[in-house]
Every structure is written in C-alpha cells, then in structure tokens.
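Okay, structure first, notes after.
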Number of protein chains: 2
Amino acid sequence: MLSNACKYAIRSILYLAIHSDDSKKIGVKKIAEELESPQPFLAKLLQQLSKKNLVSSVKGPSGGFYLSKSNLENSVWNTIECIDGTDKFTKCFMGLSSCGDENPCPVHFTVAPFKQKILHDFKDRTIRDFAEEIKLKGRRISLKDFEVT
Amino acid sequence: MLSNACKYAIRSILYLAIHSDDSKKIGVKKIAEELESPQPFLAKLLQQLSKKNLVSSVKGPSGGFYLSKSNLENSVWNTIECIDGTDKFTKCFMGLSSCGDENPCPVHFTVAPFKQKILHDFKDRTIRDFAEEIKLKGRRISLKDFEVT
DNA sequence: ACAAAAAAAGACAATTATATCTGTTTATAT
DNA sequence: ATATAAACAGATATAATTGTCTTTTTTTGT
C-alpha cells in the first residue's frame with residue numbers, strides 16, 4: 001500500500017520515538033541496521049523528514065537523529081504526507097475523480113469505511129501514542145531481533 | 001492503492017460485463033474512449049487478461065472483446081492477481097515479513113479487519129455480481145458521461 | 001479470393017521509484 | 001585550534017511502471 005520509502009520513514013520515526021531523545025541521538029547507520037533498510041536511501045528520507053520538522057538532527061561527532069518533544073506530537077499522517085503524499089488514501093480506489101457517496105464507483109462502499117478508520121488512526125493518534133503502545137504491547141518495528149521460536 | 005494498469009483492467013472488465021456479450025463484441029478503441037484511458041496501454045492489458053481467460057476476444061472485422069458466461073464467474077481478485085499481483089493486499093502494511101496476529105506491527109490491528117473485508121468482497125463476489133449491482137444501483141465506472149448538475 | 005478490420009506481438013520511449021556514490025558543511029570532543 | 005564524526009547536498013545508476021509505435025496475424029464481409 002505504502003511505498004518502500006514511506007515504510008522506512010514511518011519505521012524510522014517509531015524507532016527513534018522509542019530509542020532516542022535529545023540527549024541520545026542515533027546515526028543513520030545504526031537506524032538502517034536496526035530496521036534492515038538501505039542506508040543511503042534512508043539517509044535521504046531522514047533529510048526530507050528533517051526539513052519538515054518530523055525528526056530532529058544535529059551534525060558532528062556524537063550527533064545523529066532523534067525525536068524532540070514536539071516531534072512526538074506529530075501524526076503518522078504527517079509522515080505519509082511528507083514522503084508519499086496522501087492521494088492514495090483520499091482518492092478513489094478505481095481512479096474516478098467524481099467518486100463519492102453520491103456517485104459511488106463499484107467498490108466505493110467496500111473501501112470507504114476502511115479509509116475512514118485508517119485516516120482516523122493515522123491522523124488523530126500521535127507518534128507518542130504509537131510509541132507507547134509499542135512499548136506496552138511489544139509491537140514489532142524491526143525484523144532484526146526476530147527469532148522463530 | 002491499485003496501479004493505474006489494474007484500475008484500467010478492472011474498469012474494462014466491468015464495462016464489458018455490462019455492455020458486451022458473445023454476440024456483441026467491443027473494440028479497444030471504443031473501450032478506451034468510454035473509460036478515458038490510454039488506448040495502446042489498455043490494449044496491452046486486455047491481451048494479458050485474455051491470456052488468463054479473464055476476457056474473451058475475436059480478431060477480424062466486427063471482432064473485439066467481450067465477456068463470456070464463464071468470464072463473468074471470475075472475481076475482481078483474479079484481475080488483480082493477473083495485473084498487479086496481490087502482495088499489497090496480503091503483505092504487512094509496514095513491510096514486515098513476520099507481521100501477523102502473534103507478532104503484530106504497530107498498525108496491524110488497524111489494518112487487518114479491513115484487509116479481511118476487502119479480500120472477501122474481491123474474492124467471493126463475481127464480476128457478474130458487481131455488474132448486477134452496477135446496473136441496479138447505477139454505480140459509475142466511467143467519467144465520460146458525468147455531468148456536474 | 002480479397003480487402004479491411006481488428007487483436008496480437010514486440011520493440012521502443014518517458015517517467016517515477018528505488019537506491020548508490022561522492023563530496024561539502026557543521027558541530028563536537030580533544 | 002584541529003581532527004573527526006556526522007548530517008547535508010547533489011549527481012548518478014537501476015528497475016519498474018506507464019505509455020507509444022510498428023508490424024504481424026487472424027477473421028470476416030464482400
């Protein structure tokens with residue numbers, strides 16, 4: 001559904017939400033290893049996110065990326081907007097510009113509630129909320145430490 | 001969500017389901033005009049669909065594409081399989097291979113029920129079912145005849 | 001039989017997504 | 001102050017998606 005770029009971006013942000021703060025920055029290299037994503041590609045993404053204030057960064061030795069208090073108040077939606085754009089969530093599943101409740105495409109009423117729910121979760125819940133749930137319930141954002149038991 | 005290719009393909013099939021049968025074939029040119037999709041691109045897609053027996057065709061004058069009785073019994077899922085592949089519906093939203101009910105990613109329980117619902121609609125309902133609903137309820141598969149009133 | 005109409009097939013072109021590489025700037029630790 | 005570590009910036013490479021163009025094959029109406 002999402003592009004690879006966007007998946008990497010969201011996972012990075014969640015990773016930073018859990019493992020970083022302004023006194024503990026993390027470099028691209030480390031993040032890329034943890035998430036098993038291509039390092040230079042991820043670097044580009046983090047720069048985009050940084051420009052939009054979705055992540056914070058400092059250069060130089062012992063620098064790196066982290067999430068500030070205010071970064072934590074953003075939504076996943078902000079990240080999707082930044083990387084992919086939100087067309088695929090707001091536009092018609094079948095590509096019809098006039099599709100809506102009054103002029104529904106054949107799958108409109110199948111897809112519409114799904115969109116609603118996803119939009120709600122991605123717009124209204126903050127990164128902080130997600131991070132909390134991840135810590136509390138042990139959600140998974142990496143494959144690295146995954147062992148089949 | 002779907003690729004352009006797949007959207008064109010599904011709309012073509014639904015168009016044919018409504019307007020064609022073995023005694024009324026329709027050429028690519030006409031279909032492309034009706035759906036406002038790029039003609040040569042659509043031609044390619046129809047050939048792919050034809051190979052998988054999702055549409056029927058005859059060459060020569062007064063030939064064209066149509067849906068046979070058996071074509072009508074296929075599902076939208078078959079078309080998606082044929083054109084896009086179904087990875088984006090079956091795989092984890094965040095790209096984690098181990099994601100599932102036991103090892104959920106952060107959005108797993110948001111996304112899972114709707115995957116279920118979408119899969120159900122796309123696998124279990126036939127093209128005939130969709131066509132019937134389109135005729136009955138006036139669903140829209142083209143933009144061409146759409147007037148803002 | 002023959003001309004025309006249509007699908008089928010294959011080569012080509014443009015754009016976007018994905019990814020890498022190289023060099024520059026900036027901040028920090030010593 | 002200086003060396004170094006890290007982000008930042010820009011150019012390049014590759015693959016997939018989207019789309020076009022040309023030729024061939026098949027079928028039908030005359």
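Lettering follows sequence order; numbering is per chain, from 1. Atoms considered below: every heavy atom in the structure, side chains included; atoms not considered: hydrogens, waters and symmetry mates.
Interface residues of residues 53-64 of chain A facing DNA chain D, ordered by number: A:Ser57, A:Val58, A:Lys59, A:Gly60, A:Pro61, A:Gly63, A:Gly64; criterion, heavy-atom separation under 4.0 Å. Listed by residue number, the members of residues 65-80 of chain A with any heavy atom below 4.0 angstrom from DNA chain D are A:Phe65.
We find that A:Lys52 and A:Glu81 are not joined by a salt bridge, their nearest charged nitrogen and carboxylate oxygen being 4.0 Å or further apart. B:Lys30 has a carboxylate O that lies under 4.0 Å from a charged side-chain N of B:Glu34, or vice versa, which qualifies the two as a salt bridge.
A single hydrophobic cluster is seen to contain both B:Leu14 and B:Leu35, as judged by linkage of ILVMFWY side chains at heavy-atom distances under 4.5 Å, directly or through other members. No continuous path of ILVMFWY side-chain contacts below 4.5 Å connects A:Ile31 to A:Val58, so the two sit in separate hydrophobic clusters. Criterion: ILVMFWY side-chain heavy atoms under 4.5 Å apart, direct or through other members. Under it, B:Ile13 and B:Tyr66 are not part of a common hydrophobic cluster.
At least one side-chain heavy atom of A:Pro104 sits under 4.5 Å from a side-chain heavy atom of A:Phe109. B:Asp124 places none of its side-chain heavy atoms less than 4.5 Å from the side chain of B:Trp77.
Taking atom CD of residue A:Gln47 and atom C1' of nucleotide D:dA11, one finds them 14 Å apart after rounding to whole Å. Straight-line distance from the CG atom of A:Leu49 to the P atom of D:dA7: 13 Å, rounded to whole Å. Computed from coordinates, the B:Gln48 CD to D:dT18 P distance equals 11 Å when rounded to whole Å. Regarding B:Asp84, its CG atom lies at a distance of 12 Å from the C1' atom of D:dA16, rounded to whole Å. Summarising the geometry, the separation between CD on A:Gln39 and C1' on D:dC8 is reported as 13 Å, rounded to the nearest angstrom. Between the CG atom of B:Leu45 and the C1' atom of D:dT17 there is a distance of 11 Å, rounded to whole Å. A straight line from CD1 of B:Ile83 to P of D:dT18 spans 11 Å, rounded to a whole angstrom. Taking atom NZ of residue B:Lys44 and atom C1' of nucleotide D:dT24, one finds them 12 Å apart after rounding to whole Å.
For the OP1/OP2 pair of D:dT18 and a distance below 4.0 Å, the side-chain nitrogens and oxygens of B:Tyr8 include no atom meeting the criterion. Phosphate proximity of D:dC8 to A:Ser50: present, with a side-chain N or O under 4.0 Å from OP1 or OP2.
Note on A:Lys51: only backbone sugar-phosphate atoms sit closer than 4.0 angstrom, heavy atoms only; bases stay farther off. Residue contacts shown for A:Pro40 include a base, since a base heavy atom lies under 4.0 Å away.
When every heavy atom of B:Ile127 is checked against every heavy atom of B:Asn71, the shortest pair comes out as CG1-O, 4.3 Å. In this structure, A:Ile18 and A:Ile141 approach most closely via the heavy-atom pair CD1-CD1, 4.2 Å. Smallest separation of non-hydrogen atoms from B:Val55 and B:Leu16: CG1-CD1, 4.2 Å.
Relative orientation of the B:Phe122 and A:Phe93 rings is tilted, given thresholds of 30° and 60° on the angle between their planes.
Scanning DNA chain C 5' to 3' for nucleotides with an atom closer than 4.0 angstrom to a non-hydrogen atom of chain A gives a first and last hit of C:dT18 to C:dA29.
Take the nearest nucleotide of DNA chain C for A:Ser3 and for A:Lys25: the residue whose nucleotide is more 5' is A:Ser3.
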Exercise for the section: Report the C-alpha distance between A:Asp121 and B:Thr110 in whole Å, list the side-chain angles of each, state the deciding distance to 0.1 Å, and finish with yes or no for side chain to side chain donor-acceptor pair (under 3.5 Å). Expected result: CA-CA 8 Å; A:Asp121 261 45; B:Thr110 299; 2.7 Å; yes
